[in-house]
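All remarks here apply to the structure that follows.
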Amino acid sequence: MNPVEAPQARPARSLTGRVDTAVGRFTMYRLVLLVLAALAAYSLLLDALGWLTFGIPDMLAHLVLCLALTYASNRALAALFRVRPHTESSLITGLLLYFLFWPSLQPMDLAGVALACVLASASKYALAWRGRHIFNPAAAGAFATGLTGLNIATWWAATPAMLWLLVPGVLLVVYRMRKALMASVFTVAATAIITLELLRAGMTAGMGVWQALAQRPVLFFVGFMLTEPLTLPPRRWQQLALAALVGVLFAVPWNLGLFANSPEAALLTGNLLAFLLGQRGAVKLRFAGARALTPTTTEFSFEPARPVRFLPGQYMELDLPQSRPDGKGRRRVFSLAGSPGERLVKFGVRTDGRLSAAKEALLALRPGDEVAATAVGGDFVLPRDAGRPVLLIAAGIGITPFMSQLASGSLRKRDAVLLVLARNADEVAYAEELRSSGARVLVRLADGSVPPSGLAPAAAGVSGAGGRTDGRLDGRLDGRLDGQALAAIVPDISRRDVYVSGSPASVAALRRAARCAGARRVQTDSFSGY
């Protein structure tokens with residue numbers, strides 16, 4: 001997942017690109033909210049059809065209680081702590097608690113659910129560090145309520161009848177978050193352990209796997225709880241290790257007296273470890289100014305209240321309060337364009353056409369205004385081995401993460417080729433920085449015009465340490481870069497690690513072109529949700 005924006009070339013649209021573009025219309029929070037809402041409606045339908053037996057009045061009362069209390073308590077606590085409430089987050093928490101606790105109209109059960117809702121909201125503020133909550137709110141509320149004895153989480157969403165919509169919903173969320181590998185690690189670890197335990201009890205392997213996936217909350221847990229962005233460590237290897245550990249804690253029976261194994265206990269343990277590994281707490285950013293990069297793109301600069309730890313190529317999530325919300329939520333991710341050693345943090349953003357509320361909020365900032373950076377992450381970083389040659393392909397403002405790598409000096413001792421795709425010469429962002437970088441930069445313009453002064457056109461035969469250009473623009477001039485044209489520009493692409501950055505549609509087409517050209521390792525970074 002990543003923040004970079006629209007390509008300036010017009011790549012061929014693939015099925016993957018179309019799916020990415022469609023899913024990318026929603027922020028992660030909005031997509032999770034919509035999927036959970038659909039599951040809640042589906043559960044009511046199942047009950048009406050007799051597949052669930054809670055009773056419609058019980059389920060509706062339970063749903064209203066969870067949503068109303070998490071929403072109201074979140075707003076009240078936000079006012080108390082003098083921060084802006086995040087409505088989508090509170091509704092997601094309410095829906096999660098709806099699926100965690102058994103729907104019931106018994107007074108003690110209702111009291112337990114009410115307590116879980118309030119504690120979940122309170123955990124975002126009381127169990128937080130520098131504005132960032134440490135634990136998954138729904139899990140924290142459920143765990144704390146269980147300790148009181150008023151109610152315990154049953155995770156009733158783990159029932160075979162729910163699988164028809166639960167499975168596609170989880171797959172959609174995991175795909176949008178780019179967490180398929182992490183989800184697979186957890187699912188395999190937890191399912192394997194549960195199945196082994198059931199085999200020892202005399203159950204067959206097939207029935208053991210079925211029970212693990214259909215009657216235990218493995219899928220719901222991994223789709224909507226474990227992958228919550230704010231409670232994940234920043235790097236992929238850390239996330240995979242965390243998924244394996246939480247999978248073991250989730251599935252292996254353990255008891256420490258007051259504390260025993262439960263899904264919420266396993267998740268809270270993982271949350272604490274993730275907090276220790278990542279950027280701890282939100283960072284206040286004071287707006288320093290903006291400058292036009294091209295007629296359609298703008299760079300925004302901020303001064304952080306404290307140093308921000310990141311690697312060149314990573315992104316930052318910003319919380320952008322909006323006077324006219326557009327329904328996509330307040331949080332957006334942007335690739336960091338500057339060096340980790342610089343005083344300012346910088347973001348390049350496309351700012352033409354119909355603007356989202358988030359972009360309007362950025363453009364409305366005045367020097368001295370503050371926004372909060374809520375997370376830093378991403379794995380779009382160069383190989384540790386500086387001897388491995390790389391090819392960097394930037395579509396439009398997809399140049400942003402590569403500018404961070406250039407500014408930090410990460411490319412100086414590498415055999416690196418940077419291929420920039422743009423509509424025309426005026427749309428080449430950071431042209432001056434590219435000219436003075438000393439890196440091998442090639443520019444391919446969709447209109448076939450000459451690149452900005454000092455930048456070489458993408459021509460056939462660029463390879464090896466020296467490379468060469470002959471002034472011709474090979475391949476089609478309509479902006480589409482296929483495998484044949486890419487192989488002509490970079491003949492030794494098969495020995496290079498390829499990095500592609502741009503919009504989902506652009507990235508999908510360029511990744512396919514790189515594969516067709518012979519690339520063996522392709523890493524991508526695409527923006528979504530703008």
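FYI, side chains are in, hydrogens and waters are out, and symmetry mates aren't considered; it's all heavy atoms of this structure. Model, not experiment: these values are computed from the prediction.
The aromatic ring centres of F402 and F380 sit less than 6.0 Å apart.
Nearest approach of A144 to L119, heavy atoms of both residues: CB-CD1, 3.7 Å. Here the closest heavy-atom approach between residue A514 and residue V522 is recorded as CB-CG2, 4.1 Å. Here the closest non-hydrogen pair linking K124 and S89 is NZ-OG, 3.0 Å. Here the closest heavy-atom approach between residue A337 and residue G348 is recorded as CB-N, 4.5 Å. L63 approaches A40 most closely through the heavy-atom pair CD1-CB, 4.5 Å. In terms of heavy-atom proximity, L232 sits nearest to T227 at CD1-O, 3.8 Å.
Contact check for P137 versus E228: side-chain heavy atoms found under the 4.5 Å cut-off. Within the 4.5 Å cutoff, the side chain of Q523 has no heavy atoms near those of the D497 side chain. Side-chain contact check for V170 versus V35: every heavy-atom pair is 4.5 Å or farther apart. Taking 4.5 Å as the limit, some side-chain heavy atom of F224 sits within range of a side-chain heavy atom of L166. You'll find the side chain of I393 reaches within 4.5 Å of the side chain of L486, heavy atoms only. Side-chain contact check for F221 versus P263: some heavy-atom pair is nearer than 4.5 Å. Inter-residue side-chain proximity for L219 and L213 is flagged as met; some heavy-atom pair is nearer than 4.5 Å. Looking at heavy atoms from C-beta onward, V218 lies in side-chain contact with F186 at the 4.5 angstrom threshold.
In this structure, the separation between CG on L245 and OG1 on T269 is 8.0 Å, given to the nearest 0.5 Å. Interatomic distance, CD1 of I194 versus CG of L199, reported as 12.0 Å (0.5 Å rounding). The CD atom of E88 lies 5.5 Å from the CG atom of L33; values are rounded to the nearest 0.5 Å. Distance check, rounded to the nearest 0.5 Å: OG1 of T148 to CG of L115 gives 5.5 Å. Rounding to the nearest 0.5 Å gives a distance of 9.0 Å between CG of L44 and CG of L52. I56 contributes atom CD1, which lies 4.0 Å from atom CG of D47 (distance to the nearest 0.5 angstrom).
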Step-by-step side chain to side chain contact (heavy atoms under 4.5 Å, CB included) determination, L318 to R332: CA-CA 5 Å; L318 300 184; R332 296 290 191 277; 5.6 Å; no
Verdict with supporting geometry, R496 and V390, side chain to side chain contact (heavy atoms under 4.5 Å, CB included): CA-CA 5 Å; R496 296 180 179 273; V390 295; 5.6 Å; no
Side chain to side chain contact (heavy atoms under 4.5 Å, CB included) evaluation trace for Y125 with N74: CA-CA 9 Å; Y125 304 92; N74 183 63; 3.0 Å; yes
Test log, rule side chain to side chain contact (heavy atoms under 4.5 Å, CB included), inputs L69 and L97: CA-CA 11 Å; L69 270 183; L97 291 171; over 6 Å; no
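Residues forming a side chain to side chain contact (heavy atoms under 4.5 Å, CB included) with S404 (at least two apart in sequence, or on another chain): F310, P312. Evaluation of the ring pair (Phe, Tyr, Trp, His ring centres under 6.0 Å) rule for Y71 yields no partner, not counting sequence neighbours. Listed by chain and residue number, S43 satisfy the side chain to side chain donor-acceptor pair (under 3.5 Å) test with Y98 (two or more places apart in sequence, or in another chain). Taking the side chain to side chain donor-acceptor pair (under 3.5 Å) definition, one finds that Q106 meets it with nothing, sequence neighbours left out. Every residue two or more places apart in sequence or in another chain that forms a side chain to side chain donor-acceptor pair (under 3.5 Å) with S73 is listed here: S121.
The 12-atom threshold is exceeded at CZ of R235, counting heavy atoms of other residues, nucleotides or ligands nearer than 6.0 Å. Other residues, nucleotides and ligands contribute at most 12 non-hydrogen atoms within 6.0 Å of the CD1 atom of I152. Around the CZ atom of R521, the shell of radius 6.0 Å holds more than 12 heavy atoms that belong to other residues, nucleotides or ligands. In the displayed structure, Q484 atom CD is contacted under 6.0 Å by at most 12 heavy atoms of other residues, nucleotides or ligands.
None of F99, F250, W156 except one satisfies the ring-ring contact (aromatic ring centres under 6.0 Å, His included) rule with F220; the exception is F99. Of the options L267, V246, N271, a side chain to side chain contact (heavy atoms under 4.5 Å, CB included) to M225 is made by L267 and by none of the others. Considering R236, R178, Q238 in turn, R236 is the only one that fulfils the side chain to side chain contact (heavy atoms under 4.5 Å, CB included) rule with D379.
Judged purely by atom type and a 3.5 angstrom limit, R515 uses its side chain to pair as donor or acceptor with the backbone of R520. When atom types are taken as modelled, the side chain of T400 and the backbone of I397 share a donor-acceptor pair closer than 3.5 angstrom. Side chain of T159 to backbone of M162: no donor-acceptor contact under 3.5 angstrom is found. For the pair Q239 (side chain) and P233 (backbone), a donor-acceptor distance under 3.5 Å is present. With T70 contributing its side chain and L67 its backbone, the two residues share a donor-acceptor pair below 3.5 Å. In this structure, the side chain of T145 does not engage the main chain of A142 through any donor-acceptor pair within 3.5 Å. Using a distance-only test at 3.5 Å, with no hydrogens or angles considered, no donor-acceptor pair links the side chain of H62 to the main chain of V113.
Under the 30°/60° scheme for interplanar angles, the aromatic rings of F347 and F334 are found to be tilted.
Sorted pairs that involve residues 105-117 and meet salt bridge (charged side-chain N to carboxylate O under 4.0 Å, His left out), not counting sequence neighbours, are lacking altogether.
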